[in-house]
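Below is one structure; the comments refer to it alone.
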Amino acid sequence: MSPTEPDQTRYIFVTGGVVSSLGKGIAAASLGVLLKERGLRVTLQKLDPYINVDPGTLSPLQHGEVFVTEDGAETDLDLGHYERFIDANLSQDNNTTTGRIYRTVIDAERHGDYLGRTVQVIPHITDEIKRSVSVLGTGHDIVISEVGGTVGDIESLPFLEGIRQFRQEVGSRALHVHLTLVPYISAAGELKTKPTQHSVRELMQTGIQPAVLICRTEHPLDEDIKAKIAGFTNVDPAGVIEARDVETIYEVPLEFRRQRLDDFVLSRFGMTAPAPDLTAWKHIVERIKAPSRGAVRIAVVGKYTELVDAYKSVEQALIHGGIEHDVEVAIDWIASEELETGLDPGFLSEYHGLLVPGGFGDRGIEGMVTAIRWARENGLPFLGICLGLQCAVIEFARNVVGLKGAHSFEFDQASPHPVICLMDEQRNVITKGGTMRLGSYVAKLGADSRAAKVYGSSEITERHRHRYEVNNDYRSRLGEKGLAFSATSLDSKLVEMIELPGHPWFVGSQFHPELKSRPTRAHPLFASFIEAGAIRAQVADTPRAAALGA
Ligand code: GLN
């Protein structure tokens, strides 16, 4: 561990057992919310056992979306939950992987830092794991570190050993939370605790005694079951928490508070803090569960639609837009390829907005272009994000400017009109990992643009993750026909946003606004897009709707 590890910081380690996908990230983030709302400085971290240095080169269909932080780290999607829940910007330090840990150790070995010694998992890898946790101690009262995967996986063993040692070294300043499943067997009409017992036993074999068990269940855990689980696992009954399925993830902090999870954790740490104020969270949950203004139907036409996790932040940002305007947002995920194999774009008339999200590779591109054309020609509110902006430019170039064969250099290197091209600094880049334009950049907004109105500002910072850009050689031709470049980089060289002035709401962004949206503070672009959808849906009027010019 780092010799500079602050001696007041408390550490919470979250592991999972029985099966994956129990919502460990949401559980960790929800505990984070409660502690933060009690006035503590909280941060969250994800320790991923895979060997990739980061998830940047992983298919979103395998691992869900790649969440990009302000400092340009390509991270696990759980960081998106963390940021949205504790309303804080995280960084590269908040996500590490086996690959990154090993790379650091091997680089040090090559540098000669271990001269004469054999480099081993214990202590060198585990020391680096502990260091990656303790660096977050500075400036925080509570560090919550979630270990990816489930207990029993070979890959997670060094992490489990690392966090075991950590607790050994800092004593009662660290505790372990374990998330398990308590399944309901309908034939027997009973909840079964055996998988939880096995999972905790497996964890204990690594030398870790959990202080808290968070039990995922479809049915309430009565006091008898809680006592039974506590008895088998040496956990205080007050530390056995029921985590029943809820309608919205934003309800989980309220559920944990109802069971006083935060009180239990603080008492274990010997800390006191004022009770949390969860008014904002109650408001979020009420708005999601019972919006008063009706529904706005959004079609998301993209390429990774089989797995909603691939668009986690887009989904959440749309929901946030709904919270802001008190409408339900009903999202349908449509594979763009379907528009290439017979689906008529007229199906979009049933929707109040079209969103084309980011993506890589040429599969489904023509379907996105077809959908965007329909939205442009039929006044359907459209939000294009990154690849979505690029497809909107391709569509406009082909069908409005008349540039036959216009395309992105990414998909057609022989296109006569590469309206989307490679950035200069990307031309000689061969390595794929971590080499895109990543992280936060400043953009300036055109004075009379919708963008400036929506943001209420002339300058913004937004997060990026892309290699290709609008080709400046085509800007004047596109502009003459009515495509407005409503935001650019400060030096005007890179297009950051496009819009169509005559259209009810047609906006594209080269950056990813969804990454900065929060349930308490919908991103302005998403809020405005949903409002435009509400106008199209003619849900009950509001002063804001009138201001936007229905
Ligand atoms: N593939 C495109 C690029 O690299 C778009 C990336 C994205 O949508 N995130 O520029």
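Both counts, for ligands and for their atoms, begin at 1 and track the order of listing.
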**Message:** If the contact criterion is a heavy-atom separation under 4.0 Å, does Glu469 count as touching ligand 1?
**Reply:** no
**Asked** Is the closest heavy-atom distance from His512 to ligand 1 below 4.0 Å?
**Response** yes
Relative to the heavy atoms of [X], which atoms of ligand 1 are at a distance of less than 4.0 Å?
X	result
Gly358	8 (O)
Arg465	6 (C), 7 (C), 9 (N)
Glu410	1 (N), 2 (C), 3 (C)
Cys386	5 (C), 6 (C), 7 (C), 8 (O), 9 (N)

Using distance alone, determine whether [X] and ligand 1 share an N or O pair under 3.5 Å.
X	answer
Gly359	yes
Gln510	no
Ile385	no

Would you mind writing out the side-chain donor-acceptor pairs for residues 98-107 within the sub-3.5 Å range, not counting sequence neighbours?
{"unit_1": "Thr98", "atom_1": "OG1", "unit_2": "Pro49", "atom_2": "O", "d": "2.8"}
{"unit_1": "Arg100", "atom_1": "NH2", "unit_2": "Gln92", "atom_2": "OE1", "d": "3.3"}
{"unit_1": "Thr104", "atom_1": "OG1", "unit_2": "Arg100", "atom_2": "O", "d": "2.9"}

Under the 6.0 Å and 45° cation-pi test, does [X] pair with [Y]?
X	Y	result
Arg463	Phe511	no
Arg475	Phe485	yes
Arg437	Tyr441	yes

**Request:** If you have a sec, work out which protein heavy atom is nearest atom 10 (O) of ligand 1 and how many Å separate them, to one decimal?
**Result:** Tyr468 N, 2.9 Å
**Message:** Please list the nearest protein heavy atom to atom 4 (O) of ligand 1 with its residue and the distance rounded to 0.1 Å.
**Reply:** Arg467 N, 3.0 Å
**Request:** Just let me know how His466 lines up against ligand 1, side chain, backbone, both or neither, with a heavy-atom cut-off below 4.0 Å.
**Result:** both
**ligand 1 versus Met436: contacting region, heavy-atom distance under 4.0 Å** = neither
Cut-off 3.5 Å, side chains only: do [X] and [Y] have a donor facing an acceptor?
X	Y	value
Asn94	Tyr82	no
Tyr250	His283	no
Ser145	Gln45	yes
Tyr50	Gln62	no
Ser336	Arg363	no

